[in-house]
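Below you'll find the structure, written out as structure tokens, and then a few comments.
Residue numbers start from 1 in every chain, and the chains themselves are labelled A, B, ... in the order their sequence lines are given, proteins ahead of strands. In what follows, every heavy atom counts, from backbone to side chain, and hydrogens, waters and symmetry copies are set aside.
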There are 2 protein chains.
Amino acid sequence: MQDDARPRKDPAGKPPDPDHTQTNPLIRKLDSLASLSDADRAVLETISADTRSVPAHTDLIREGDAPNGVYLILEGMACRYKRRSRGARQIMAYLIPGDFCDLDVAMLKEMDHAIGTLSACEVVQIPLDTIQELLRSHPTITHALRLATLVDEATLREWLVNVGRRSADERIAHLLCELLLRLQAVGCASSDAYAFPLTQVDLADTTGLSSVHVNRSLASLRERGLIEISDQHLRILDLQRLQALAEFKPNYLHLVRGAAA
Amino acid sequence: MQDDARPRKDPAGKPPDPDHTQTNPLIRKLDSLASLSDADRAVLETISADTRSVPAHTDLIREGDAPNGVYLILEGMACRYKRRSRGARQIMAYLIPGDFCDLDVAMLKEMDHAIGTLSACEVVQIPLDTIQELLRSHPTITHALRLATLVDEATLREWLVNVGRRSADERIAHLLCELLLRLQAVGCASSDAYAFPLTQVDLADTTGLSSVHVNRSLASLRERGLIEISDQHLRILDLQRLQALAEFKPNYLHLVRGAAA
DNA sequence: CGAACTTTTGATATCACTCAAGGGACGTGG
DNA sequence: CCACGTCCCTTGAGTGATATCAAAAGTTCG
């Protein structure tokens with residue numbers, strides 16, 4: 001439904017296909033953060049084997065729950081979110097292929113936010129023991145995951161800037177620019193387009209706007225020839241201008257290799 | 001100027017005063033997250049010895065700089081922030097006594113945000129080597145610092161909810177409730193009051209509002225008998241109602257002990 | 001084909017912003 | 001000690017961006 005941008009994975013267990021490694025978003029992501037060994041890659045491949053399909057709009061964990069292991073997203077899109085008592089929702093992060101949900105939050109005894117799918121997803125649920133064993137025996141992976149966590153945090157800070165100090169059009173433009181780079185980094189976007197399963201309500205709950213206003217902002221971006229949405233796919237028609245409009249500076253994503261301690 | 005809430009520290013080097021440990025905000029904070037040994041406390045005390053005074057409104061690190069070690073705040077208030085090109089500032093975190101600035105961000109090669117003081121501060125600048133040695137040899141401290149980082153992240157998420165989905169009055173009320181609990185946890189607040197060095201411009205840049213509107217919101221909270229500000233001190237007159245107004249739920253601060261893995 | 005959801009559009013309301021100016025507190029230098 | 005500048009807070013008036021309410025049109029899917 002929203003996975004056309006990436007070759008479909010063989011649903012069968014673990015074919016030790018040497019190229020498969022290139023399509024595993026987790027490996028792809030960690031490889032760009034540290035120099036994984038073949039052994040590292042193999043372990044990650046094994047971990048990613050046991051996937052589970054989760055329909056759209058389904059909670060993986062709720063606020064108040066005790067963390068029940070760690071989720072890894074391999075396909076589709078999920079999010080962290082909170083709800084206010086009157087129902088207002090704020091999305092605080094998008095989780096895309098290659099993202100772990102709760103590597104660290106699992107250390108706390110109670111979730112302070114929920115995690116739910118936005119589109120249909122392929123996820124792996126990994127027991128804490130497995131994770132801890134992985135971290136113990138694979139220092140390079142540990143390091144890469146640490147860096148990934150830092151980037152997640154930096155992204156969260158940028159979202160706060162987005163909601164606090166940008167206009168509606170700018171917020172949406174910024175979000176779309178960010179998603180392009182993040183999805184490219186895991187092989188889920190072409191040079192200017194990606195699968196886009198988000199509804200306008202989702203965008204509203206991400207950017208702190210009303211869905212009606214999101215609609216108007218999207219229309220404005222379209223009319224200015226900046227983007228095009230059709231059939232659950234987003235195409236960026238003029239990345240330069242879109243980035244300029246949003247004052248998008250990708251430094252916070254720390255995309256270039258060489259960040260090792 | 002803003003330290004009346006806490007007994008003044010002996011400015012001389014390291015008097016091995018056994019009670020002093022109780023007034024060190026770092027020890028106080030970590031002690032509430034894990035069970036520190038006397039040895040742990042001693043090391044932390046040593047680390048905190050070499051303090052430096054930094055005037056208000058001074059950058060400790062700028063965006064784009066390479067991280068230059070780790071700062072620890074022992075007195076006063078600092079913040080993480082970013083600026084947009086036209087000058088608009090967004091504050092993304094308050095750093096209060098006991099907070100480390102960049103335990104992890106130091107792993108990245110370039111700062112994606114700045115850190116600056118809001119009031120005059122007492123800080124310690126700790127070289128990376130020292131930190132790494134500390135983490136290697138004191139697992140309990142390491143664990144406590146890990147938890148502290150998670151709480152910082154949870155706080156950041158709550159700030160996003162604040163700016164994205166709360167009204168002006170609610171945002172400010174929420175912020176004031178949060179500060180009360182955080183400052184109490186390090187012994188820098190009484191049951192209903194604390195030193196408050198922030199200007200209305202600072203509050204505006206924190207909450208994504210204009211300073212004029214912050215002024216009006218503060219006035220409204222005052223008129224409703226919820227708070228009182230005088231002489232750089234904030235007193236909360238009706239915590240119940242203030243929390244209710246903001247829909248403040250302290251769960252994200254994970255204040256109770258027992259969160260160990 | 002119908003139900004549920006999503007997008008779009010119009011009309012109106014409101015919250016928060018901008019601009020502008022006055023007043024208070026504080027510090028500094030004459 | 002007073003004069004002055006600066007910074008911060010306060011207040012008023014007018015504007016603008018975004019929210020809310022409502023309904024129609026398009027989509028998806030069983």
Side-chain angles (χ1 to χ4, degrees), chain A residues 1-2 4 55-58 77 84 86-90 116-120 162-173 175 195-223 227-234 245, chain B residues 1-2 55-58 77 84 86-90 117-120 162-175 195-223 227-234 245-246:
Chain A
M1 189 145 290
Q2 33 70 58
D4 317 35
H57 312 119
T58 307
M77 211 155 171
R84 295 194 59 187
R86 297 286 189 77
R89 178 176 66 156
Q90 177 67 46
T117 58
L118 292 166
S119 70
N162 211 27
V163 174
R165 285 295 180 227
R166 275 190 262 260
S167 72
D169 288 10
E170 291 169 344
R171 286 181 214 184
I172 292 176
L175 188 64
F196 193 77
L198 305 174
T199 70
Q200 295 182 359
V201 172
D202 293 333
L203 286 174
D205 291 346
T206 304
T207 52
L209 299 165
S210 72
S211 65
V212 172
H213 205 65
V214 166
N215 181 284
R216 297 192 161 113
S217 287
L218 282 174
S220 154
L221 296 179
R222 245 187 273 115
E223 284 157 16
I227 63 167
E228 189 178 84
I229 302 181
S230 68
D231 192 26
Q232 305 252 70
H233 278 257
L234 178 95
L245 169 65
Chain B
M1 188 145 285
Q2 34 71 59
H57 312 119
T58 306
M77 210 154 171
R84 295 195 57 186
R86 297 288 190 75
R89 177 176 66 156
Q90 176 67 47
T117 58
L118 292 166
S119 70
N162 211 27
V163 174
R165 286 292 181 229
R166 275 191 263 259
S167 72
D169 289 9
E170 291 168 344
R171 287 181 213 185
I172 292 177
H174 195 279
L175 188 64
F196 192 76
L198 304 175
T199 70
Q200 295 182 0
V201 172
D202 293 333
L203 287 175
D205 292 345
T206 304
T207 52
L209 299 165
S210 71
S211 65
V212 172
H213 204 65
V214 166
N215 181 286
R216 295 192 162 115
S217 287
L218 283 174
S220 154
L221 296 180
R222 243 187 275 116
E223 284 156 17
I227 63 168
E228 188 178 84
I229 301 182
S230 69
D231 192 27
Q232 306 251 71
H233 278 257
L234 178 96
L245 168 65

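Take B:Ala246 and apply the side chain to side chain contact (heavy atoms under 4.5 Å, CB included) test, not counting sequence neighbours, and it matches B:Ala173, B:His174, B:Phe248. Partners of B:Arg222 under the side chain to side chain contact (heavy atoms under 4.5 Å, CB included) rule, at least two apart in sequence or in another chain, are B:Leu218, B:Ala219, B:Ile227. Under the side chain to side chain donor-acceptor pair (under 3.5 Å) criterion, A:Thr207 pairs with no residue at all, not counting sequence neighbours. Every residue two or more places apart in sequence or in another chain that forms a side chain to side chain donor-acceptor pair (under 3.5 Å) with A:Thr199 is listed here: A:Asp202. Residues passing the side chain to side chain donor-acceptor pair (under 3.5 Å) test with B:Ser217, sequence neighbours excluded: B:Asp169. In this view, A:Ser210 satisfies the side chain to side chain donor-acceptor pair (under 3.5 Å) rule with no residue, not counting sequence neighbours. The side chain to side chain contact (heavy atoms under 4.5 Å, CB included) search around B:Arg165 returns A:Arg84, A:Ala88, A:Gln90, A:Ala204, A:Asp205, not counting sequence neighbours.
Residues A:Thr117 and A:Met77 have side chains not in contact (no heavy-atom distance under 4.5 Å, counting atoms from C-beta outward).
For A:His57 and C:dC5, the NE2 to P distance is 10 Å, given to the nearest whole Å. Spacing between atom CG of B:Leu221 and atom P of D:dT10 amounts to 12 Å, rounded to whole angstrom units.
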Dot-bracket for DNA chain C: what is it, with Watson-Crick or G-U pairs under 3.5 Å, [ ] where a pair crosses earlier ones, and | for a pair to another strand? |||||||||||||||||||||..|||||||
Contact letters for nucleotides 14-26 of chain D, in which S counts primed atoms plus P, OP1 and OP2 and B counts the base, heavy atoms under 4.0 Å: ----BSBB-----
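The side chain of A:Asn215 places an N or O atom within less than 4.0 Å of a non-bridging phosphate oxygen (OP1 or OP2) of C:dT8.
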